[in-house]
Structures are given as C-alpha cells and as structure tokens.
Amino acid sequence: MTTTLPPESQPGQPPKKKSNATIVNMVLDSCTFVAFILAMQPHGTGIPIHEWGSVALSFAIILHLVLHWDWISGITRKLLSQLPTETRLGYLLNLIFYIDMTVIILSGLLISKSVLPALGLSVDEHAGPWRRLHGLSADAGIVILALHVAMHRKWIVNVFQRYVWGRLTGQAKAGR
Amino acid sequence: MKWFYRSLLFFGVALLFAAGVLGLNQLGALSRFEMTGRYGGPPTQIQSLSGTAPASDRATNAGSANTSSSSRGPATLSGAPVGRPRGEGGGSFQWAEVGKDLAFVALAWLALSGLDWLASRRADTPAESNQRRRP
C-alpha cells in the first residue's frame, strides 16, 4: 500500500487533517506490528493474552484495511488494466497476507483454550488439522509480514523521520 | 457509517476465505496437516496397544502404527510432527524466536533495499554513459 506523506503545507488543502491520518496510520501500524510479534510467543504472554490479544489484533487489521480503503478499491478496479509490476506484486502479497491472517485466526479459534470456552464452546485442540495449520500459517505470516514491512520501508523511514525523530530533535533544540 | 460498512465488507470477505478453508477441510484436502499424536506424548496407536500382547505381535503392531503415522506426514516416534511449534519451547519468552522473527524483517528490508539500489544503478548507467559521450 503506497501511502504518500502529506507535504508540510499545501495551498487549498488542510494539511493538518492529512498529517493526523498519517499519525493514526503510524501509531496503528506500529502497535499492530508489535502485537503480531508478541502474538508469536503464546507461552511468553500466556494463552489468554495470546488469544484475546489476537482477537483484538484481527480488529486492528480490519481497521488498517479500512484506513487504506482508497488504495485497495483503486487498485482492485484497475487490476485488469495497466499497472506497475511493483504495485501488482504488492497487491498480491497483501491478498496472500489477508488469506493467511484468516487461516491463522480461524485455526487459532478452532484450537482455542480461552476464547471459545469463554463463549461456552469447547473444542479439542488436537482434533483435525488446525493445530499444525495454525503453526504453519503463523510461520508463513511472519515471512509475509517481513516483506510487507520491507515494501513500505520508504514510508516508514519518512514518517519516523518527520513525526518521531523530527519532533524529538525539534523539542531537544527548543529545550536548549 | 461508511467505515462500518467497509469493515463489514472486509469481515465478510474474511468469512468467505474461512468458509473456503473449512470446505477444503470437509473435502479432506487438509488431512495431511492432521497430527498423529500430541506434542511430547505417545501416539494414539501405540497408546492403544495392549501390554499383554506377544512381543512379536507388539512389534508388528508398532510397525504398522509407525507406517500409518509416516504416511500422514513427517512424525517422530512419539507421534508429534517434526519440530516444535511456535512458543511451545517453555513457559517464558523465547527470545531466540523473537530475534529470528525480527531478523526476517531486517533481511527482507535489506533485500528489497538492495534490489532498489541495483535497479536505480541500472537506470542511472545509460544516462551516465550518454553524459560521458557528450563533448
């Protein structure tokens, strides 16, 4: 998802609104990334946190998708026409990520020890292919996440330079 | 309200994917992912073997149990698939696994940056050679 950074000041457009959206994206994406890495350690966090945190993570992912609605709908419409190879690859990778996340969450729910029992449902963790599929799809997920992050490295570097490093150094300069 | 409908759409598409996966499971396409035993425990086939059976019978049965488990995919003698699943290594954070995950991200970042650098260098080369040709 190629997201352009808002210019510092653009005539005729409220730059504050755009920069707010960028900050929302940055915070949400950073939290989602950290949550994803933590969700890969069920015994580190404990099973209840792993499961309920993953449910929360799935809502964060849907929010991430909604925030990138323009890009998704725009590329989906233009998919049959001419598009740069990089954009097509990015779209394909994101689609695979979406399917993989669905498999992770579905298989996770089907071997759940905390979420489904809390809803009054019980499942056998070892019945069916779900336990192994959960592990395999999670392993695939980390590779796809790595590629997803790497594809947006320029946006990440720009955003951190402008909104994190820029503000930190700006405050440091102002404090002197 | 627009946001709510959009999220419902993404949720609906995810449900479609989930229905597809459940359908594949119903068709038996995912049976190769089924575990033949529990992690760290004996396989069900060996558990059900009678301890009073003659040694030759036991060996035959154990052999057939191993054959059936290997036909379902790679498995150790205890019946669990080869390799441990994520986070099953103990009761605390597996920092080696966290490091490995972050190393994947760093590797992908470096690889794509390298590809980008190569592509930009390739794009620059004809222009540079043209400039050199100019008097």
Side-chain angles (χ1 to χ4, degrees), chain A residues 33 36-47 50 58-59 61-67 69 72-73 86 95 98-103 105-107 109-110 125-139 141-154 156-157, chain B residues 2-11 13-22 24-25 29-39 41 44 73 80-81 83-95 97-98 100-113 115-116 119:
Chain A
F33 178 78
F36 196 97
I37 297 291
L38 286 178
M40 292 287 163
Q41 293 295 317
H43 281 264
T45 56
I47 294 295
H50 168 75
S58 62
F59 284 105
I61 290 167
I62 287 187
L63 185 60
H64 174 87
L65 291 171
V66 170
L67 284 173
W69 173 265
I72 296 167
S73 58
E86 200 183 331
L95 184 65
Y98 191 18
I99 296 170
D100 188 61
M101 283 308 298
T102 308
V103 175
I105 292 162
L106 174 72
S107 56
L109 282 174
L110 291 172
E125 189 196 344
H126 299 279
W130 309 116
R131 180 70 191 83
R132 216 169 149 207
L133 208 59
H134 189 62
L136 287 173
S137 53
D139 282 341
I142 200 78
V143 176
I144 303 170
L145 174 76
L147 287 170
H148 183 80
V149 168
M151 281 192 95
H152 300 96
R153 62 195 180 282
K154 285 175 191 163
I156 295 167
V157 169
Chain B
K2 195 168 68 178
W3 285 57
F4 178 69
Y5 287 128
R6 285 175 181 177
S7 20
L8 272 188
L9 178 75
F10 285 119
F11 188 67
V13 174
L15 280 183
L16 277 179
F17 289 146
V21 174
L22 290 172
L24 283 175
N25 184 46
L30 303 177
S31 60
R32 58 192 291 236
F33 296 113
E34 278 180 29
M35 293 199 309
T36 54
R38 289 159 192 248
Y39 286 99
T44 46
R84 259 191 292 197
R86 282 186 162 276
E88 297 266 337
S92 62
F93 268 101
Q94 298 294 306
W95 291 109
E97 273 183 12
V98 177
K100 201 168 70 182
D101 294 344
L102 293 176
F104 268 124
V105 178
L107 194 72
W109 186 294
L110 286 175
L112 291 194
S113 299
L115 279 176
D116 224 17

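Chain letters run A, B, ... following the sequence lines, proteins first, then strands; residues in each count from 1. Since this is a predicted model, take the numbers as computed values, not measurements.
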What closest approach, in Å, do A:Met40 and B:Glu97 show between heavy atoms, and which atom pair accounts for it?
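Of all heavy-atom pairs spanning A:Met40 and B:Glu97, the closest is O-OE1, 4.2 Å.
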Closest approach of B:Ala108 to A:Ala146 (non-hydrogen atoms, all atoms of both residues)
CB-O, 3.5 Å
Can you tell me if B:Gln94 uses its side chain to pair, donor with acceptor, with the backbone of A:Gly44 under 3.5 Å?
no
Okay, side chain of A:Arg132, backbone of B:Arg32: is any donor-acceptor separation there less than 3.5 Å?
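Yes, because the side chain of A:Arg132 sits within donor-acceptor range (under 3.5 Å) of the backbone of B:Arg32.
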Pick one of side chain, backbone, both or neither for [X], based on which atoms fall under 4.5 Å of a heavy atom in chain B.
X        : answer
A:Phe59  : neither
A:Val103 : side chain
A:Leu147 : both
A:Ile105 : neither
A:Ile61  : neither

How long is the span from the [atom1] atom in [X] to the [atom2] atom in [Y], to the nearest 0.5 Å?
X        : Y        : atom1 : atom2 : value
B:Phe10  : A:Ser58  : CZ    : OG    : 14.0 Å
A:Ile99  : B:Leu16  : CD1   : CG    : 11.0 Å
B:Asp101 : A:Leu145 : CG    : CG    : 9.0 Å
B:Phe33  : A:Leu133 : CZ    : CG    : 5.5 Å

Considering residues at least two apart in sequence or located in another chain, which fulfil the ring-ring contact (aromatic ring centres under 6.0 Å, His included) criterion with A:Phe36?
none
Test A:Trp69 against B:Tyr5 for ring-ring contact (aromatic ring centres under 6.0 Å, His included), laying out the working first.
CA-CA 12 Å; A:Trp69 173 265; B:Tyr5 287 128; over 10 Å; no
If we only count heavy atoms from C-beta on, is the [X] to [Y] side-chain gap below 4.5 Å?
X        : Y        : result
A:Met151 : B:Leu112 : yes
B:Phe104 : A:Val149 : no
B:Leu9   : A:Leu65  : no

